[in-house]
Each structure stands twice: as structure tokens, then as C-alpha cells.
Amino acid sequence: MAKLMMWIAILLGLMFVARLIAHKQANDRINARKQKASSNNDPGAKANTQTKKRPAQQSNAPETMVQCGHCGLHLPESESIATSAGTWCSDKHARLGFRK
Ligand SMILES: [Zn+2]
């Protein structure tokens, strides 16, 4: 029985340590983010931020939304069909043209 209690105590101790580590890692991540944000305002760190490329941020940038001239649906510009008359959500609406 004493052995079982010992193992339970060890297990609880390990769980406690794991929680502490996870908590510390979460805090480190938050602090790193805060430092990065504040360093953007720091003129001394400007050279550092300028050399960094951020393609991920560019791909996350919101795309221009256009409106279908026939049904009024809003859709990303890349998915729209553009003609000299306007932008459309589909070939069908491009053929139909502006709704009368
Ligand atoms: Zn449409």
C-alpha cells in the first residue's frame, strides 16, 4: 500500500511539474509576442525588423471584394469574372449582364 501511495505522489508531482512547464512556456510565448510588438516602436530595433520578411502576413491580408453586377453578391476579386462591363460572380451572370 505504501508503494502505491508513493507512486501516486510521484505521479501527482510529475503532473504538477508538467503544468508548471506548460504555464512557463505559455508565458514565454506571450512575453516574446509583447517584446516583438514593443520593439516595432523602438527605433533601435528598426534595422532588425526591416530585414525580416513577412510573406505570411501578406497572404493573410484581406483581398479586395467585388460585387456581382447581376445578383449583387460580394466575392473576392480573384474569384470574380471581370469583363469590360463589370465584375460578375459566374459566367452565367456575366452573360446576363446587369439586372434590369
Ligand atoms: Zn451574380
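None of the values given here were measured: they were computed from a predicted structure. One-based numbering, in listed order, for ligands and for the atoms of each. The figures here come from the full heavy-atom set of this structure, side chains too, leaving out hydrogens, waters and symmetry mates.
Between the Thr83 side chain and the Ala85 main chain, a donor and an acceptor come within less than 3.5 Å of each other.
Protein contacts to the Zn ion (ligand 1) involving N, O or S atoms at a distance below 2.8 Å are Cys68 SG, Cys71 SG, Cys89 SG, His93 ND1.
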Report all side-chain donor-acceptor pairs from residues 62-71 shorter than 3.5 Å, counting only partners two or more places apart or in another chain.
residue : atom : partner : partner atom : Å
Glu63   : OE1  : Ser78   : OG           : 3.4
Glu63   : OE2  : Ser78   : N            : 2.8
Glu63   : OE2  : Ser78   : OG           : 2.7
Gln67   : NE2  : Gly72   : O            : 3.1
His70   : ND1  : Gly97   : O            : 2.9

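Smallest separation of non-hydrogen atoms from Trp88 and Leu75: O-CD1, 4.3 Å. For the residue pair Ile81 and Ala94, the shortest heavy atom distance occurs at CG2-CB, 4.3 Å.
Under the 4.0 Å criterion applied to side-chain N and carboxylate O atoms, Asp91 and Arg95 are not assigned as salt-bridge partners.
Linking ILVMFWY residues whenever their side-chain heavy atoms come closer than 4.5 Å, directly or via other members, places Leu12 and Leu4 in the same cluster.
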